[in-house]
There are 2 protein chains.
Amino acid sequence: MGPAPRPTYSVIAKAAGVSEATVSRVLNGDESVHPDRAKRVHEAVDNLGYRKNRVASALASGRSGLIAVVIDDDVSVFSDPFWGTVTSGVSRILSENGLHTVLMVSPVGSVDGGVANYLKSGEVDGAIFFVLHSDALVNNLKKSGLPMVIAGTPHSSLDIPFVDTDNFGGAYAATKHLINQSCKKIAIITGDIGTTAAKQRLDGYLQAFRETGGVPAKGLICEGNYSLQSGMDHARQLLETHPDVDGIFACNDLMAAGAVTVLQDLGRVVPDDVKVVGFDDAVIAQTTRPALTTIRQDVVALGEAAGSLMIAQLNGEDVKPIITTTELIIRASA
Amino acid sequence: MGPAPRPTYSVIAKAAGVSEATVSRVLNGDESVHPDRAKRVHEAVDNLGYRKNRVASALASGRSGLIAVVIDDDVSVFSDPFWGTVTSGVSRILSENGLHTVLMVSPVGSVDGGVANYLKSGEVDGAIFFVLHSDALVNNLKKSGLPMVIAGTPHSSLDIPFVDTDNFGGAYAATKHLINQSCKKIAIITGDIGTTAAKQRLDGYLQAFRETGGVPAKGLICEGNYSLQSGMDHARQLLETHPDVDGIFACNDLMAAGAVTVLQDLGRVVPDDVKVVGFDDAVIAQTTRPALTTIRQDVVALGEAAGSLMIAQLNGEDVKPIITTTELIIRASA
DNA sequence: ACTACCCGCGAAACCGCTTTCACGAAGTCC
DNA sequence: GGACTTCGTGAAAGCGGTTTCGCGGGTAGT
């Protein structure tokens, strides 16, 4: 009734008439075993329904086959579909390479919290970090020699491989689009400015703006935090301080949606009076009325890039940062 | 430069002047060690910065401290924030109990795919399943004796503990609310009817309907699939076949939002002409105009319930299914 | 024909921790 | 006071793989 006793190497070895060492070689793809004996081993494995005990294997070899995905839950961001999506991308790539994903959702603030402890405990072969506000932990872990990948651009220039969306380019394109639609007074509602992504998007906006020869009026730069509420608040405020604003670039779709509803509640017609561009191309971009013009980022690809960077690193290959491209999706709001 | 060599029991034992067995006892909270010696061990541990190798520990004890969270990705549902949220709930509870979450996002259709293999490999102490369309894998795994918890109601009556939202009650409340608002012709747009959650919500609707003494006209029951598109399609169709429909219960907010936009595009005023109620209380419920009246389910609580059920089970306690409550959130759409 | 290699393979050590077992000391019972 | 428990502890045997080492036989070089 209990768990059926699983066969071990010794059983397989006996059945195949070889030594345990040979079983190990065969099962690990060592080419140097004679094909006949390899075949006997494989047969024995199949017949007995053998499955390798990964824990024992991990202990002996020092490789666990586990990769940690660490998401900083300081801001309980995990309810954002972004994380789920990117994580599933990572997970898929890793499992295609025989690795498994250990998910850790926990505040990463401290350098010696539970997460840090776990990562140092040698149970994982590598870690992928979604860094938001601080590089401290990553930086600290670097000493340990643990292979790491950062999703998102690190704040300081650690020489750790990272993947990120082309935030700058996307924001530039968004702003440019507004300019091309002959908007004269273009505001930006930024994301949490403590994150590099938000900074980069702001930079993209500034760059596009600068190319027009002007400098954005101070009040046109609103520091949001990616939440629906902040989109609404800033839109309202914007309308007070700059009633003639005719373009808004919100740094994610959620804020854009918030801005649109406020604009409409206050009698503005989108896009006729004010044009709005979002960022992400989240589902909400399609359900908002008018549907949001936005910058699509390929989130799954981002996750996959993170996964493959990790794999390359484990294989000892040279790795370079990967920046995934964005795409302007034109809908009705701008 | 490489990873600093980590101390082992033998080092600690020597430093503390005790045997390795005693070190193990102390580190595993065995009460029977003399306090003085225990203290010496703890000091040695602190001084040397010792950290237990969990892999070795897992091999020797047969307990890995890992719990798999398996999400069926057949329908690439992971982009739905629901999954991220519930997973983070699970992860939090587990880590509070010294366990870690291994995330597996993969089609669970087959009984002997990679996931099944992994779960049988003994590397995890338990598994939490998000079952959607089939119980096959879970059912198969039951024989192995692996502790399991199902999130969502299983199709067949396996005697495996599960947690679920009160889908029936929520749907009942939603429909009842429409009835109380004196809607006469109330339609439902169901979720993917291959899932138990969708069935239960339909049942709740039917029950409320039945209590009015009537039976819903056939055309009022529309089989959707939780997607925005299906909400739009069914709303459009509904307006054709039943122009006098005055209430719609959509089984999630996404479909509700789709329905609302279509209704408006076709000249209906929500809620004056048609009232709409959604389910989930997702972010989109707040951004849709009018904001959606909906059924809130506490997704984090659901995840935490799943986690605690697993822990109880590992502790050998008796476990009963947990049904988390829902709440009617009244906004503008009904 | 003789030494020098190379190749395939088994014996055995080892990875770091857990747990059983047995032993000596100390306490209990009549 | 002798026999019986109880208690704290260390020695040692695993857990189930991986990997080093060296051996015997076949091939190559001279």
Side-chain angles (χ1 to χ4, degrees), chain A residues 2-42 44-45 48-66 98 118 120-125, chain B residues 2-41 44-45 48-66 98 117-118 120-125:
Chain A
R6 305 229 319 273
T8 68
Y9 268 17
S10 100
V11 178
I12 303 292
K14 225 158 273 171
V18 301
S19 73
E20 298 187 24
T22 296
V23 174
S24 176
R25 293 193 181 99
V26 172
L27 265 44
N28 290 314
D30 186 326
E31 300 287 328
S32 69
V33 176
H34 189 98
D36 287 357
R37 321 185 114 234
K39 189 158 144 279
R40 296 226 304 277
V41 170
H42 280 128
V45 165
L48 283 69
Y50 174 78
R51 210 167 289 115
K52 186 146 76 177
N53 179 324
R54 300 188 52 142
V55 174
S57 164
L59 175 58
S61 69
R63 282 170 265 110
S64 67
L66 259 36
Y118 180 71
K120 288 180 190 162
S121 81
E123 207 179 335
V124 297
D125 293 346
Chain B
R6 305 227 320 271
T8 67
Y9 270 17
S10 101
V11 179
I12 303 292
K14 224 158 275 171
V18 301
S19 73
E20 298 187 24
T22 296
V23 175
S24 176
R25 294 192 180 98
V26 172
L27 264 44
N28 291 314
D30 186 327
E31 300 287 328
S32 69
V33 176
H34 189 98
D36 287 357
R37 320 187 114 229
K39 187 157 148 279
R40 296 226 304 277
V41 170
V45 164
L48 282 69
Y50 174 78
R51 209 167 288 114
K52 187 146 75 177
N53 179 324
R54 300 188 51 139
V55 173
S57 165
L59 175 59
S61 69
R63 282 170 266 111
S64 67
L66 258 36
N117 230 309
Y118 181 70
K120 288 180 191 162
S121 80
E123 205 179 337
V124 297
D125 293 347

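Proteins get letters first, then strands, A, B, ... in listed order; numbering begins at 1 in each.
- Heavy atoms only, all atoms of each residue included: Pro7(B) and Leu48(B) are closest at CG-O, 3.7 Å.
- Comparing Thr22(B) and Ala56(A) by the nucleotide of DNA chain D whose heavy atom lies nearest to each, the residue mapping closer to the 5' end is Thr22(B).
- Of the residues in residues 27-36 of chain B, those lying under 4.0 Å from DNA chain D by heavy-atom distance are Ser32(B), Val33(B), His34(B).
- Asn28(B) contributes no side-chain N or O that, together with a main-chain N or O of Asp30(B), makes up a donor-acceptor pair within less than 3.5 Å.
- Contact record, Ser19(A) with Ala13(A): C-CB, 3.8 Å, taken as the closest heavy-atom pair.
- When the P atom of dG17(D) is taken as reference, atom CG of Asn53(A) falls 5 Å away, rounded to whole Å.
- Of the possible donor and acceptor atoms, one in the side chain of Arg6(B) sits under 3.5 Å from a partner among the backbone N and O of Arg51(B).
- Distance alone, capped at 3.5 Å, places no donor-acceptor pair between the Ser64(B) side chain and the Ala58(B) backbone.
- Note: CZ (Arg54(A)) to C1' (dC15(C)) measures 17 Å, nearest angstrom.
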Can you give me the N/O atom pairs linking the protein to nucleotides 11-13 of chain C at distances under 3.5 Å, or say none if there are none?
none

TODO: Would you sort out whether His34(B) and Val18(B) count as a side-chain contact (heavy atoms from CB on, under 4.5 Å), showing the intermediate values?
DONE: CA-CA 11 Å; His34(B) 189 98; Val18(B) 301; over 6 Å; no
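- Computed from C1' positions of five pairs at each end, the angle between the two local axes of the helix from dA1(C)-dT30(D) to dC30(C)-dG1(D) equals 30°, rounded to 10 degrees.
- Annotation: salt bridge (Lys or Arg N to Asp or Glu O under 4.0 Å) contacts of Lys14(A) (sequence neighbours excluded): none.
- Remark: Arg37(A) is not in phosphate contact with dG8(C), judged by side-chain N or O atoms under 4.0 Å from OP1 or OP2.
- Atom-to-atom, CD of Glu123(A) to C1' of dC15(C) comes out at 15 Å; the value is rounded to the nearest Å.
- Here dG17(D) presents its P atom at 9 Å from CD1 of Ile12(A), a figure rounded to the nearest Å.
- Residues forming a salt bridge (Lys or Arg N to Asp or Glu O under 4.0 Å) with Glu20(B) (at least two apart in sequence, or on another chain): none.
- A search for side-chain hydrogen bond (donor to acceptor under 3.5 Å, both in side chains) contacts involving Asn53(B) returns nothing, not counting sequence neighbours.
- Residue contacts shown for Val18(B) are limited to sugar-phosphate atoms, with no base heavy atom under 4.0 Å away.
- A straight line from NZ of Lys14(B) to C1' of dG10(D) spans 14 Å, rounded to a whole angstrom.
- Per the geometry, CZ belonging to Arg40(A) stands 12 Å off C1' belonging to dC9(C), to the nearest Å.
- Using a 4.0 Å cut-off, some side-chain N or O of Arg63(A) falls inside it from OP1 or OP2 of dT19(D).
- Contact of the Val33(A) side chain with the Val41(A) side chain is not registered, since no non-hydrogen atoms from C-beta on lie closer than 4.5 Å.
- If you check every strand for non-hydrogen atoms under 4.0 Å, Ser24(B) touches a base.
- The CG atom of Leu59(B) sits 12 Å away from the P atom of dC17(C) (whole-angstrom rounding).
- Across every non-hydrogen atom of Val55(B) and Leu59(A), the tightest pair is CG1-N, 3.4 Å.
- Side-chain atoms of Tyr118(B) and Val124(B), non-hydrogen and from C-beta on, do get closer than 4.5 Å to each other.
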